[in-house]
Asker: 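I'd like to ask some things about the structure below.
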Amino acid sequence: MWFFFFLFSIVALAGAVGVVALRNPFYSVLALVTHLIALALLFLLLEAQFVAVAQIVVYAGAVMVLYVFVVAYVGGGDQPELLSRVSAKQRTLAVVFGLAIFVELAIALLGTALKAVDTHGAKLATDYGSPAQIGDLLLTRFLLPFELASFLLLVAAVGAVGLAGRRGGVGPDHEVFTDTVRPQGTGTMAEGVGRRRDGHP
Amino acid sequence: MTSVLATAKGPYVDWAALSPLLALLGASLIVLVAGLLGARGAREQGVPLLTLVGFGVAIGCTIWQWDTQKNVISRGMSIDRLSLLAVLLVSVAGIVGTLLAWRSRAAKEIAHGEFFSLLLVSAAGMVVLAAAENLITTFVGLELLSLPLYILCASRMRSERSLEAGLKYLIIGSVGSATMLYGFALIYGATGATDYAGIASAAAKAGFNDDVMFLTGVGLSIVGLAFKSSLAPFHQWTPDVYEGAPTPVTAYMSVATKVAAFAATIRLLDVALGGAFADWKPLWEAIAVASILVGNVGALGQTSLKRMLAYSSIAQAGYLLVGFIVGTAGGVEAVMYYLAVYLFANLAAFSVVIARERETDREDDIAALRGLGTSSPVLAGVMTLAMLSLAGIPATAGFIGKFNLISSAVDGGETWLGIVIVIGSMISLAYYLPVIATMWAGGDPAPARSREDPRTGLPVLAGASPEADELSIEEPLDGIRAAGIEVTVIAAILGVATLVFGIVPQPLFDLVDGAARSLGLS
Amino acid sequence: MNIAWFLIVSALMFCLGAVGVLVRRNPLVILLCLELMLNAGNLALLGFSRMWGDGDGQIFALIVMVVAACEVAIGLGIIVALYRRRLPVDVDELRELHG
Amino acid sequence: MSIQTAAWLVLALPLAGSLKLALGFRFWRGAMAGWIGTAAVGLAFVFALVTLVKLLDLPAEQRHVASSLWDLANVGGVHIRLGIYIDPLSTLMILVVSGVSTLIHLYSVGYMRSDEGYTRFFSYLNFFVFSMLLLVLAGNLALLIVGWAFVGAASYFLISFWYRRSTATNAGIKAFVINVIGDVGLVLGTFFIFRRMGVLDYGPLFHGVQHAFDKNEASLVAGMILILVGAFAKSAQIPFHTWLPDAMEGPTPVSSLIHAATMVTAGVYLIGRLHPLFEWAPTAADVGAVVGALTLLVAGTIGLAVTDLKRVIAYSTMSQIGYMIMGVSAAAYTGGFFHLTTHAFFKALLFMSAGSVIAAMGNEQSLDKISGFRKAMPFTFRCFLVGGLALSAFPLMSGFFSKDDLLYEVGQRGGWYYGLYAAGYIGSLFTVIYTWRMIFRTFWGEPCEQALALEHGHLYHAPHPFNPANGEVEDTGVGFPGPDHHIAEQTWQMKAAMSALALLSIAGGLLLLPFESLEPLRKFLEPTFADSIVAHPKNTGLETVGLVLSSVIAVAGIAFAYATWVTNAGGAARWQQRFAPLHNLFVNKWYFDELIDLAVVRPLAAFGRWGRDTFERIVVSGALVGGTSGIVKSGSAAVRGLQTGLLRGYAGLVVGGMFAVVLYFLLRAA
Amino acid sequence: MTISLSIVLWLPLAAGIIALALPGALARWVSLLGAAMVLAYAAVIAIDYDTGAGGLQYVTDETWIRSLGVHYTLAVSGLNVFLILLTAITFFAAALWVALKDTDLPKPGLYAFLMGLAQSGVLGAFLAQDLALFVVFFDLMLVPFFFLTLVWGGPDRGPAVLKLFIYTLVGSLLMLVGAIATGVLAKAGAGHHVSFLFSDLQRAPLGKGSQEWIFLVFALAFLIKMPAFPFHGWMPDGYLQMPIPVLAVFSAVLSKVAAYGFLQVALPLFPRGAVQYQELLMLLSLASILYGSAMAFSTSQVRLILGYSSVAQLGFITLGIFALNQQGVDGALIQAVNHGLVAAPLIFIVALLAARSGGSEDLRDMGGIAFRAPILAAVFLVLTLALLAMPGSSNFIGEFLILLGAFKSKLAIALIASTGVGMAAVYALRLYIRSMHNRVGPKVESRELSRADGFVLVPLTIAIVAFALYPQAALHAGERDVRARLAPVAAVQHGGAADLAAAVRRGASR
């Protein structure tokens, strides 16, 4: 038990660190995947089987695939020098912030008067974390969030399509890809007379 | 989905009470489908019409349900005067937004169906947020509000600014939501309940109102809420997003989001976390003061009207907080009252901005208003009224609103907050009045839109390049150079409303009366 | 296994995510960091859910997953759009709007 | 007709005349205007006589009549009536004022004939007479102040009558401002009295004062001294006298009417009018007496040195009024007002004669240029002679009796009043000398070219009109002395007026001869001063000494003057060298103008400049406005500086804010 | 006789709205007609007002905002009856000026509308018997002046008008808080509901602490509006940029609203504050008198001379008010009317002088204008003498009473203040002589009044003279109400323990 906890959590944290630290976004994605899997296992330790499964399937599976595609399409945005161009000052500042907040949260979590925090948790019902229980809750007490979540997905779909998909509303009279393939910084007479696109010569 | 529910041993669902929300959600679906219609005319005229109908129905249902006060779907939401007011205001904002977006370029680029259905969904999200009686519902509502707005902000995909705004909003917004989520988690952890009533009772029972974890949770949630209502120091996304987003979207969200966020704030803190009143009050006071100062000070000397209005909206949010901080029923009513007033003035201002964006090529620069007093007195008059109202000058609704806020502050023993409001208003004069001055002080009016690149004065190949299109933020593709009748009309209506409610304010008072009824405030 | 441990881990994750948002310039990676923060929330939720032994936390977590997914989708959409407009995929370069 | 009606008519007629001329200035042009004005004042004089008769009808103890039309203000215990107060004193004054005015109007009809502003002149002149009559008839302090200010205004109008002359306008401002200072003093003094007594009407005031205040009580003294300030300012007493010499910028009839005969004596009237109050505050009265004495000496010395014909007379006026102020302050009421009356006659006469001379000189007034007019202007010469004799108290002339009676009454008080008595006689020596210096230098000696021209029968005209005071060429049109001049020899109106006054100057003494039974004026004024609490023990010896002394002084003085300015030329120069410093002091008028300039004018101007150039800019605009807006602006800069557009920066602020909020709650919880 | 104050209050605005819809010339005449009707109505009120009875008459009492306890309550009292007449007169003169002289005024409809709004605002401020309503009108009346200056103002009006408006509104906004605090803290209404009615508020005086800070807030607002030293920063810019008729109204009437505010609001509602800060206010007014006068004779800009002179004059008025005794306040009240009557025509004179000295408003370019313009000279002279409070003018009565009042309460201050009278003589005469007299200026060509000028100026001058002959009219009207307003102060002064409310009732019943 202990062992598993530490194993999984260390992997998860390592993954998190990887996400933050690795320069190539592609690796960051992979780091996140490992992190997510480890996290799912931690969920299991918390008896949340359904959530854990959902985590792996939905997240580490579907979402990350989407990620990989986009990264592949957009390309390795973070060239090494980019990261380094985040000045050391900024980085240290950020880390200090992070630590400070961590300390605060730690105080909050450990300093609570709540005894239960230091226990293994309450006595559990037999079907705790089972799909049955989840489903029941979703269709009764949390029907509303559940239904609304579906709308969230709808929104996401519409948004993704609208933004990344076809160039909306322009209509057939306007060929879509002319300007995406056209090399940067051509097209206006402004540029013809030697202005860059930001308008400054 | 109704069939599903029918079979499941679902909870009792009070359809009537839910009707406003359902109207919005349903409309969003219908609009989305309608957007797929082939005929361009159907797309570009029918869809907005349907949207208007949707909002209209929502308003109708609200009026129908005006006096209900109940929790629906197992304490998921509370349909009461507060949430119904929110529905009303949001829907009005939605209608205005729709009219302003009718012929906007943004709607065309992302396709009308998508645009307007997202508008409706976000409205639904606001309603949920305002009505939520449960942390989970609250969170969902928040996202349901935010996600569509992220998209809408970016919906002018040809414009770098629009996309930048969208991305900034998305990232910072998600940080906010994540923070809020963590806060909710802690609250849930400390009380073991997700529904407001449960939280309140648990906290009271366990005497947790000064527990570290509980309070930290409260703190993080406050950060999230403050973020959504763009309060300092969590305001920084506001100016950029407001400036970058398509103006109709800016107009819509500048008011609607506030309505929802404030309703949610009031409900969460007064109902669920009311026990910790003494703890969170000073914090909110600090935030209020900071917002009033930052907002007013930041708006000084801005040349972009949208940016100026963004900062001013930060300040206005600060004013609104005062009414909520004092924690009296009167205060809450004052907040709702001021929201209504703010809605009129702000939307009026934005519609004038849009009109000028379409008529001149000065975009939303203040120079676009030069000589407006001569060239089109109606718009100038509306803008004047809007500015005066925002500044809180008598005979405009804004004055009554401030009056109301201040008197609630004094009544709650927080006179100093009233003075802060006034100091803020003093500063605000320094950026509201110049707008009026540019309109009326004569000078050669801003030139009408031409197809020339304002940066070079050279003609641009129409539509040949995104740069060229960027020059015409709000130009309808079909080359209409006019503000559009609907914009002028709605502007006029809003201006008149600002004036009328400044002279005959009692109706608004009757409207917001009892907004705090279900919050258990004195 | 005390719940507190899980909570500490979640806190660490949360902070890591925050730091990531602060130090990375690639919006893609920033989105990943946001995932981290949300997941931290999830872990905490499940921990508490376990602690109280009721399902609310799990439902919440599920919902959060959905939300996270949606955010990712939209974020990626915007990023793609940016890329198509040949704008640099780097948040430090997106400074058209300021002041 | 009742006495009140008569009195009101006296008041109303000049006002009517003034308005008629002012409103009808388009119709009443030329001589007509002059006659209207003269008629108005003449009628006023007639009604003044009626008033006198009516008053004499009344039994002695009832010879004080009050009458009022309506309330100007009656609020918060302040009750100001538009009311008049008729008693022997005021009657005497209205007689003198309206009488002399009539003659001077007559004189002006001729003298001003060719002035473009003829109508305006008479309108002003009538307005002045109205104001003066209002002053003397006023029934309460408030109305007195009104009249007081009106005469000031009128004198200002007339001093700067030739308003194209900067010298004239400056003199006007000076006169007006000093008069306003006087008014303020008067008002404040009134407050001191009103605060205690709560009334402004004379009757209650005079009767109540002894109950309201202790004798010589500080606040009463303060009030009376402030009132004295008013008197000094109006009567050109030190140190408020500097305006009077400059006032000579006005046309000569004005000088003779306002700045010799009537207005400047208002101070004397005031002190006499308020004598119950002054007697109840002896300290204040003594202050008045001493200042009067000083003035008569100082003015006398200056008169010895100045070379401007009119200014010599002006200083003599100052010093003569010094006598009167000293007199009335020392309770020498009859003497005071006797001298006031006679002085009005002969001083007006002197001015008229001087005016005639100046006209002959073409507006040139400097004694250094004038000489030898004896043959050229015989009539003027005679009149001047009469006036001079009267002024220098030559035996049996009116001035002789009046000045003598004045000093005698002062002497009667005994004690330190002998000091004043002596001063009076020293002063009269100066008087004689400067008077005859003036006469000899004007009429004796080699005839100047103007005189010669006149002897050949034609009046001198300057080739192009210029202002002799500063030599600048006249800005022609309205508001400058007309091109033509008129002299008594050629203008019957002037002649008539002057002869009348000459007779009065000679015979005026009959009003009060130094013999028990022959004192009609004293009898007449008795009722007014009956309540005087100052004793005047009889002292025949003193009286005779006085008569002899003044006769001697007169004769000796004339002799000295003759020796110095006629027989041996350059005698004057020798004296000047011998007493060079004194002479400088006198020539520079004891440096009063310079002192006032240094003490008052410059500081105020400096304050104004400082306010305009420094305070406005630094404090009002800088600190108050700029400061606040500066703070706001810097705040704005800060906020916008933070708004870098750098997304990670925003995130940083959010995280920071988060940190702060959580920290706050941790502290709350702890 | 039934008089509805709502009519006189809204008539100007109504006329303005009608004019807004009409073409140029017509608009001018309509607004003139409106002003004339208001004048007639005001005259009727002034005549019909029963000075014997005093107190509030022709009361209109409606509830305006139930939820806030704000009433729409108008009434004529001895305090405002003559100020209303003054307002009507000056606005009529301004309208006449525009109708007869500024025939080429651009946007006449808008102008008429704004003037109408301004007049309604001012009248409202005078008539309001409800604190909130007073504040509303007090702020509202500024707005039209902002636009009037903005559209028709001088060449560099932009920054000036912003400064003016922000400056003055800063005061008003602070006042807003004060007013609200007064109403809410007092809870003076029936059943302890919030009510802003003066009558209610007087019955429930606030505690000492609140009275003091609220008093200060109100005082600041009024002092800025007057303007008083050292809050006159906006005055020079404002005076230099405003168009003539607007400036005439502004300097004649608006400052009086502030003075009236002291009487109507500050003294009766915050007597403790008034007593507490009496010295402060008196010293400030003293400073205004001296500083304003000194400035007035050191500037050569005619408009600024008048501006600073009104600083000084308003200083006198404030001095009288804070003498806190009958004479002082009576004097202040009548002086407010006097100064209004004098200031307006003098502003018009500025325009005439400029027209005769080659468009310059600088004394250095003037001189000798009286030459061919005897009537102008006479009118100007009367005004000048009235301005320097020549005894015999009604201004003198005013200053007499003011100084008397100050004299009774603070002798030293009164003595120093009286020097202001002398300084007034200096700057007033300097103005008159440097422009009308002396040698003819370089670009001066002397012309007589035009008939139009006469129509505007002569009646005003006659009014001044008439008022000088019978000032008692206004004094008598004001007396009773002044006493009533002073009653609370008196109660505080003599044994602050005295029950204010009782004192108020005594004052009212007296």
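First the proteins, then the strands, lettered A, B, ... as listed; each starts at 1.
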Asker: Could you tell me which portion of V297(B) (side chain, backbone, both or neither) has an atom closer than 4.5 angstrom to a non-hydrogen atom of chain D?
Answerer: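 For V297(B), heavy atoms of backbone and side chain both lie under 4.5 Å from chain D.
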
Asker: For the pair T238(B) and Y650(D), evaluate side-chain contact (heavy atoms from CB on, under 4.5 Å) and give the outcome as yes or no after the intermediate values.
Answerer: CA-CA 10 Å; T238(B) 318; Y650(D) 299 176; over 6 Å; no

Asker: Do K633(D) and L300(B) make a side-chain contact, defined as non-hydrogen atoms from C-beta onward lying under 4.5 Å apart?
Answerer: no

Asker: Can you tell which part of I287(B) gets under 4.5 Å to a heavy atom of chain D, answering side chain, backbone, both or neither?
Answerer: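 Looking at I287(B), nothing touches chain D.
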
Asker: Are side-chain heavy atoms of F665(D) and V212(B) found at a separation under 4.5 Å?
Answerer: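 Counting from C-beta outward, F665(D) and V212(B) never come under 4.5 Å.
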
Asker: So, do F227(B) and M658(D) sit near enough that their side-chain heavy atoms are less than 4.5 Å apart?
Answerer: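 No; the side chains remain at least 4.5 Å from each other.
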
Asker: With rounding to the nearest 0.5 angstrom, report the CG to CZ distance, L653(D) to F234(B).
Answerer: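 L653(D) atom CG to F234(B) atom CZ measures 7.5 Å (nearest 0.5 Å).
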
Asker: For P233(B) and G657(D), which heavy atoms make the closest approach, and how far apart are they?
Answerer: CG-CA, 4.4 Å

Asker: Quick one, P239(B) and R640(D) - any side-chain contact, counting heavy atoms below 4.5 Å?
Answerer: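 Side chain of P239(B) against side chain of R640(D), heavy atoms only: no contact under 4.5 Å found.
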
Asker: Under a 4.5 Å heavy-atom cut-off, does chain D meet the side chain of L283(B), its backbone, both or neither?
Answerer: both

Asker: What are the two closest heavy atoms between Q643(D) and Q236(B), and how far apart are they?
Answerer: NE2-O, 2.6 Å

Asker: What heavy-atom pair brings D211(B) and A669(D) nearest, and what distance separates the two atoms?
Answerer: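 Between these two residues, the closest heavy atoms are C-CB, 4.4 Å.
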
Asker: Are D279(B) and Y664(D) close enough that a side-chain donor and a side-chain acceptor fall under 3.5 Å?
Answerer: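 No, no side-chain donor-acceptor contact under 3.5 Å.
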
Asker: With only heavy atoms counted, which part of V632(D) is less than 4.5 Å from chain B, the side chain, the backbone, both or neither?
Answerer: both

Asker: Is there a donor-acceptor contact under 3.5 Å from the side chain of R668(D) to the main chain of A278(B)?
Answerer: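 Checking the backbone N and O of A278(B) against the side chain of R668(D), a donor-acceptor pair under 3.5 Å is found.
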
Asker: Let's test your reading of the structure: which of V223(B), D240(B), T179(B) forms the most heavy-atom pairs below 4.5 Å with chain D?
Answerer: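 With the most close heavy-atom pairs to chain D, the winner is D240(B).
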
Asker: Does some side-chain heavy atom of Y311(B) sit less than 4.5 Å from a side-chain heavy atom of V639(D)?
Answerer: yes

Asker: Spell out, as yes or no, whether a donor-acceptor pair under 3.5 Å connects the side chain of K168(B) to the backbone of L646(D).
Answerer: no

Asker: Pick one of side chain, backbone, both or neither for L642(D), based on which atoms fall under 4.5 Å of a heavy atom in chain B.
Answerer: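 Both parts, backbone and side chain.
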
